[in-house]
2 protein chains.
Amino acid sequence: MKISTKGRYALRLMLDLATYNTGEPVSIKDISKRQDISEKYLEQIIAILNKAGFVRSIRGAQGGYMLKKAPSEYTVGMILRQTEGDLAPVSCVGADSEECERRSQCVTVRIYEQLNNAINGVVDHITLADMMEWQAEKVEQYVI
Amino acid sequence: MKISTKGRYALRLMLDLATYNTGEPVSIKDISKRQDISEKYLEQIIAILNKAGFVRSIRGAQGGYMLKKAPSEYTVGMILRQTEGDLAPVSCVGADSEECERRSQCVTVRIYEQLNNAINGVVDHITLADMMEWQAEKVEQYVI
DNA sequence: GTAAATCATACACATTTACTATGAATAGGG
DNA sequence: CCCTATTCATAGTAAATGTGTATGATTTAC
């Protein structure tokens, strides 16, 4: 029941892009330094986000990445699902649920449905914009 | 973010013990047949539940296992935590949370705390007794 | 005494995780 | 046009985890 580094890094990566959104592309190297995550691993993760259409890539020197849409348009759920796959706690519930021959007699599935709803309820209503606000609040704490 | 077979089987195992709680010990062999789970794997899982004090074991011929307490005394969370470990979605939140040097600057942790609360809110409220009721409802559906 | 059961470990194999490595393709600046 | 900084694509790899099997010892009802 753990979220892997891939998903966690993807969140930090997207938040980094949202934070350093100046109009200039942000390079993997810069993100790597700020977030202290291997460049090569970040490349792999951002490739997923790129294919999903979440970021725009600019190749060549002075290249990098930018968010395609506003931070408020990206939920945590969207990002985690791309990198982690379906967030349902078992394969027999959720969006791409698989068949199970025990289904008709199975009562535990009700637990998993409730869990699935609870998880989605959290991740589908937090956006990158929310996370940016949290960051701003953190800074205030130090300033005051 | 998946619950492993070990945890899922543990739930079915405990529910089976709750359902067939006649005063006589229930053998692994019987549970194995009813739940269609390997005897040997069940032995391993119930060993965990036994060490946790959730079941009482009676050795020797005609032996088996019984719940130590009433079904309403066992939450899904108790059972899953024994078999799956802490249910927190990352190691830096929850009961046995580990240190992280990025903690002070990290905002994603707020997501994980909310997730953790949501997950616990579900699993700590459902008991074996609830699951037995769900089973009874299922039977009614067929009878009517 | 024997068969039926639990108990304790060790082993095995597949999958997933978390990266690292290699090199090709692209493009800006001199 | 060349050099360098970057993304892009794919393969490899070591460790951990998941999902069981296998072997055999121990206990106890009959």
Side-chain angles (χ1 to χ4, degrees), chain A residues 1-13 17 20 24-33 35-68 80 82-87 89-91, chain B residues 1-13 17 20 23-33 35-68 80 82-87 89-91 98:
Chain A
M1 277 294 278
K2 294 282 184 248
I3 298 175
S4 73
T5 56
K6 202 146 113 184
R8 297 188 333 254
Y9 290 175
L11 286 178
R12 283 165 56 192
L13 194 171
L17 285 182
Y20 293 89
E24 298 283 292
V26 179
S27 73
I28 287 284
K29 186 174 275 179
D30 287 351
I31 303 174
S32 167
K33 277 183 200 147
Q35 299 296 327
D36 197 29
I37 304 171
S38 138
E39 286 184 37
K40 278 298 168 191
Y41 199 21
L42 275 180
E43 276 185 20
Q44 263 181 48
I45 294 167
I46 208 163
I48 299 169
L49 274 0
N50 195 10
K51 270 165 199 152
F54 289 5
V55 299
R56 184 156 65 90
S57 74
I58 295 102
R59 298 184 67 162
Q62 272 68 51
Y65 299 89
M66 299 167 66
L67 288 189
K68 264 210 181 142
L80 286 183
Q82 284 297 330
T83 46
E84 296 279 297
D86 190 6
L87 299 178
V90 293
S91 57
Chain B
M1 276 294 278
K2 295 281 184 249
I3 298 174
S4 74
T5 55
K6 202 147 116 184
R8 301 196 320 261
Y9 290 174
L11 286 178
R12 283 164 57 190
L13 193 170
L17 285 182
Y20 294 89
E24 298 285 292
V26 179
S27 73
I28 286 283
K29 184 173 277 179
D30 287 351
I31 303 174
S32 167
K33 277 183 200 147
Q35 300 295 329
D36 196 28
I37 302 171
S38 135
E39 285 184 39
K40 279 297 167 189
Y41 200 20
L42 276 181
E43 275 185 21
Q44 262 182 48
I45 295 167
I46 208 161
I48 299 169
L49 274 0
N50 194 11
K51 270 164 200 152
F54 289 4
V55 299
R56 185 155 65 90
S57 75
I58 296 102
R59 299 186 66 163
Q62 272 66 51
Y65 298 90
M66 300 168 67
L67 288 189
K68 263 209 181 145
L80 286 183
Q82 285 298 328
T83 47
E84 298 278 298
D86 189 6
L87 299 179
V90 293
S91 57
E98 292 166 16

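Predicted model only: the values in this text are computed from it and were never measured.
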Return a single string for nucleotides 14-22 of chain D, one symbol per nucleotide in 5' to 3' order, where B is base contact, S is sugar-phosphate-only contact and - is none, cutoff 4.0 angstrom on heavy atoms. -----SBB-
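Nearest heavy-atom pair, Glu24(B) versus Met66(B), reported as atom, atom and distance to 0.1 Å: O-CG, 4.1 Å. The heavy-atom pair separating Gly63(B) from Ser27(B) by the smallest distance is O-CB, 4.0 Å.
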Evaluate side chain to side chain contact (heavy atoms under 4.5 Å, CB included) for Tyr65(A) paired with Ile46(A), printing each intermediate quantity in order. CA-CA 9 Å; Tyr65(A) 299 89; Ile46(A) 208 163; 3.4 Å; yes
Full working for side chain to side chain contact (heavy atoms under 4.5 Å, CB included) between Leu17(B) and Ile31(B): CA-CA 8 Å; Leu17(B) 285 182; Ile31(B) 303 174; 3.9 Å; yes
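When each of Lys40(B), Glu43(B), Glu39(B) is tested with Ser32(B) by the rule side-chain contact (heavy atoms from CB on, under 4.5 Å), just one qualifies, namely Glu39(B).
Looking at Glu84(A), its side chain does come within 3.5 Å of a backbone N or O of Ser4(A) through a donor-acceptor pair.
Once rounded to the nearest 0.5 Å, the distance linking CZ of Arg8(B) with OG of Ser91(A) reads 6.0 Å. Residue Tyr9(B) holds its OH atom at 12.5 Å from OG1 of Thr83(B), rounded to the nearest 0.5 Å. The CG atom of Leu11(B) lies 4.5 Å from the CG atom of Leu80(B); values are rounded to the nearest 0.5 Å. Summarising the geometry, atom CD belonging to Gln35(B) is positioned 8.0 Å from atom CG belonging to Leu42(B); distances are rounded to the nearest 0.5 Å.
Distance, Glu24(A) CD to dT6(D) P: 12 Å, rounded to whole Å.
Contacts between residues 25-32 of chain A and DNA chain C, defined by a heavy-atom separation under 4.0 Å, are absent. Scanning residues 49-59 of chain B for heavy-atom distances under 4.0 Å to DNA chain C yields Asn50(B), Ser57(B), Ile58(B), Arg59(B).
Within a 6.0 Å sphere centred on NZ of Lys2(A), heavy atoms belonging to other residues, nucleotides or ligands number more than 12.
Here Tyr41(B) pairs with Thr5(B) under the side chain to side chain donor-acceptor pair (under 3.5 Å) rule; sequence neighbours left out.
Positionally, the nearest nucleotide of DNA chain C for Tyr65(B) lies more toward the 5' end than for the other of Ala61(A) and Tyr65(B).
Taking the 5' to 3' direction, DNA chain C first and last meets chain A under 4.0 angstrom from a heavy atom at dA18(C) to dG28(C).
Residue pairs satisfying the side chain to side chain donor-acceptor pair (under 3.5 Å) criterion with at least one member in residues 47-63 of chain A, sequence neighbours excluded, are absent.
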